[in-house]
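In what follows, a structure is listed as structure tokens, so that the remarks can point back to it.
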Amino acid sequence: MPHINYNHFTLGIEEEYMVVDPDTRELKSHEQKIVNEGHKIIKDKVKAEMHQAVVEVGTDICKNIEEAQRDVTTLRTVISQIAEANGFRMGASGTHPFSPWESQLITDHVRYNQIVNELQEAARSNLIFGLHVHVGMEDRKMAIHIANSARYFLPHVYALSTNSPFWEGRFTGYKSYRTKVFDKFPRTGIPDFFESIEAYDNYVNLLIKTNCIDNAKKIWWDLRVHPFFNTVEFRICDVPMTINETIAIAALFQAICAKLYKLRLQNLNFIIYQRALVNENKWRASRYGIDGSLIDFGKETEVNTRVLIYELLDFVDDVVDELGSRYAVEYVRKMLDHGTGADRQIEVYNHRQNFNDVVDYIHSQFLAV
């Protein structure tokens, strides 16, 4: 067995946060104050998003999960301090429990104006908050191989991240309603299998040539080989409520990539399943989170989602020490015990049927450890 170099599995984490009015608990435009102040401290790690009540942050390229944890903690802390100083509060949830999208202001920027002009109400109503995790790859050939195989595990990790049960003041019945909102966009969801990186590039080039898109960043799949960096980018998850949850999910994605890489070097491969089958599991994850069952395609039977997530932890167990991420991946067990962000939001709501309580709780967890 050749020695495996795990150093190229670097991490980059992007999170989208909500800006909240402390009195009304509604989403509130920060008029780019948070971004402008943030630039002075954390430079270009903070940026505006399409809706003015959203702030996006991104870490540096982190060589391991510990670095990523430090970076995410710093970003949340700095953004929170700037927000408080300017009379706002921050929170991390896949959707706001009750603020209507119709009253939210759009950021005046060429790119966003273009998207709104093309996608119309689908874009204006896209008031959602996600987590993107980039995992570094040695080259794009390996990236497409790993992306093809990693698709199977997307619903498992997504179930853990579910954190958007409410939409416009209604309990939706979903643990993650965020993806239902995003599904209105074109080029979303579970990607197809691609034979090679050339086949993927040909697909992208055809879309550009035929004016479907002007650049590859308008492919918004749940997982993509990044158009400009040597990374596989996981985009399926709701933004988690807490730092520890974000780090556990990032570590799990990194471990999945490392394990698939290790199998590849041993001339082994994980079974590639059809997009249509993986989609069945994605739907179940969005509806039930970790409380339902997913399909085990190998056994052709339903299996309790928690059981499958424990099996996933076993699957990656032989790479987490090499990655230095055991402590972060082990936190997944606590998430299975405590419930997801969605489970906890529902619990808070059920106590008094008060959405303000839910917003306050989300805010209270933003820097919780």
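The structure presented is a predicted model; accordingly, all values stated were derived computationally and were not measured. Only this structure's heavy atoms are used, side chains among them; waters, hydrogens and symmetry mates stay out.
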- Task: Without swapping roles, check the side chain of Glu168 against the backbone of Trp101 for a donor-acceptor pair under 3.5 Å.
- Result: yes

- Item | Derivation of the side chain to side chain donor-acceptor pair (under 3.5 Å) call for Asn113 and Asp108 | CA-CA 7 Å; Asn113 293 343; Asp108 188 17; 3.0 Å; yes

- Query: Considering only heavy atoms from C-beta outward, does the side chain of Met137 approach that of Tyr261 to under 4.5 Å?
  - Reply: no

- Item | Over-ring placement of Lys28 relative to Phe88, 6.0 Å and 45° cut-offs | no

- Query: Hey, mind stepping through Arg284 and Ser293 against side-chain contact (heavy atoms from CB on, under 4.5 Å) and telling me if it holds?
  - Reply: CA-CA 7 Å; Arg284 287 165 175 244; Ser293 56; 3.3 Å; yes

- Backbone of Glu67 reached by a side-chain donor or acceptor of Asp71 within 3.5 Å: no

- Task: Answer yes or no: is there an ion pair linking Glu322 with Lys262, defined by an N-O contact shorter than 4.0 Å?
- Result: no

- Which atoms form the tightest heavy-atom contact between Ala68 and Ile13, and what is the distance? CB-CD1, 3.9 Å

- Message: For the backbone of Asn230 and the side chain of Arg140, can you confirm whether one donor and one acceptor N or O come within less than 3.5 Å of each other?
- Response: no

- Task: Using a strict 4.0 Å threshold on nitrogen-to-oxygen distance, state whether Glu347 and Arg344 make a salt bridge.
- Result: no

- What class does the angle between the rings of Phe366 and Tyr17 fall in, given that below 30° is parallel, 30 to 60° is tilted and above 60° is perpendicular? perpendicular

- Query: Could Arg326 and Asp317 be called an ion pair, given the rule that one side-chain N must be under 4.0 Å from one carboxylate O?
  - Reply: yes

- Indicate yes or no for a side-chain donor-acceptor contact from Glu49 to the backbone of Val55 under 3.5 Å, with no hydrogens or angles considered. no

- Message: For Tyr152 and Phe297, take the angle between the two ring planes, folded into 0 to 90°, and tell me which bin it lands in: parallel under 30, tilted 30 to 60, perpendicular over 60.
- Response: perpendicular

- Over all heavy atoms of both residues, which pair between Asp192 and Arg151 is shortest? Give the atoms and the distance, please. C-NH1, 3.5 Å

- Item | For the student: nearest non-hydrogen atoms of Pro155 and Val278, plus distance | CG-O, 3.7 Å

- Main-chain N/O of Val20 paired to Arg89 side chain as donor or acceptor, under 3.5 Å: no

- Can a donor-acceptor pair be found between the side chains of Asp214 and Gln114 at a distance below 3.5 Å? yes

- Message: I need the single residue from Pro22, Pro97, Ser364, Ser93 that forms a side-chain contact (heavy atoms from CB on, under 4.5 Å) with Val359. Which is it?
- Response: Pro97

- Under-4.0 Å salt bridge between Asp183 and Lys180: yes

- Query: Are a donor atom and an acceptor atom from the side chains of Glu16 and His132 found within less than 3.5 Å of each other?
  - Reply: no

- Check the side chains of Thr305 and Tyr288 for a donor-acceptor pair under 3.5 angstrom, ignoring hydrogens and angles. no

- Note on the structure: Residues Phe185 and Ala122: closest non-hydrogen pair is CE1-O, 3.2 Å

- Taking the inter-plane angle between the rings of Phe270 and Tyr273 on a 0 to 90° scale, is it parallel (under 30°), tilted (30 to 60°) or perpendicular (over 60°)? perpendicular

- According to the interplanar angle, ranging from 0 to 90°, do the rings of Phe229 and His226 count as parallel (below 30°), tilted (30 to 60°) or perpendicular (above 60°)? parallel

- Task: Assess the side chains of Thr340 and Asp343: does a donor N or O sit below 3.5 Å from an acceptor N or O?
- Result: yes

- Item | Steps toward ring-ring contact (aromatic ring centres under 6.0 Å, His included) verdict (Phe98, His96) | CA-CA 6 Å; Phe98 63 87; His96 184 279; 4.7 Å; yes

- Side-chain donor/acceptor of Ser164 to backbone N/O of Arg178, under 3.5 Å: yes

- Task: Consider only side-chain N and O atoms of Ser99 and Glu26, and report whether a donor and an acceptor are under 3.5 Å apart.
- Result: yes

- Where the side chain of Thr242 meets the backbone of Glu245, is there a donor-acceptor pair that is under 3.5 Å apart? yes

- Message: In terms of relative ring orientation, are Trp167 and Tyr177 parallel, tilted or perpendicular, with 30° and 60° separating the classes?
- Response: tilted

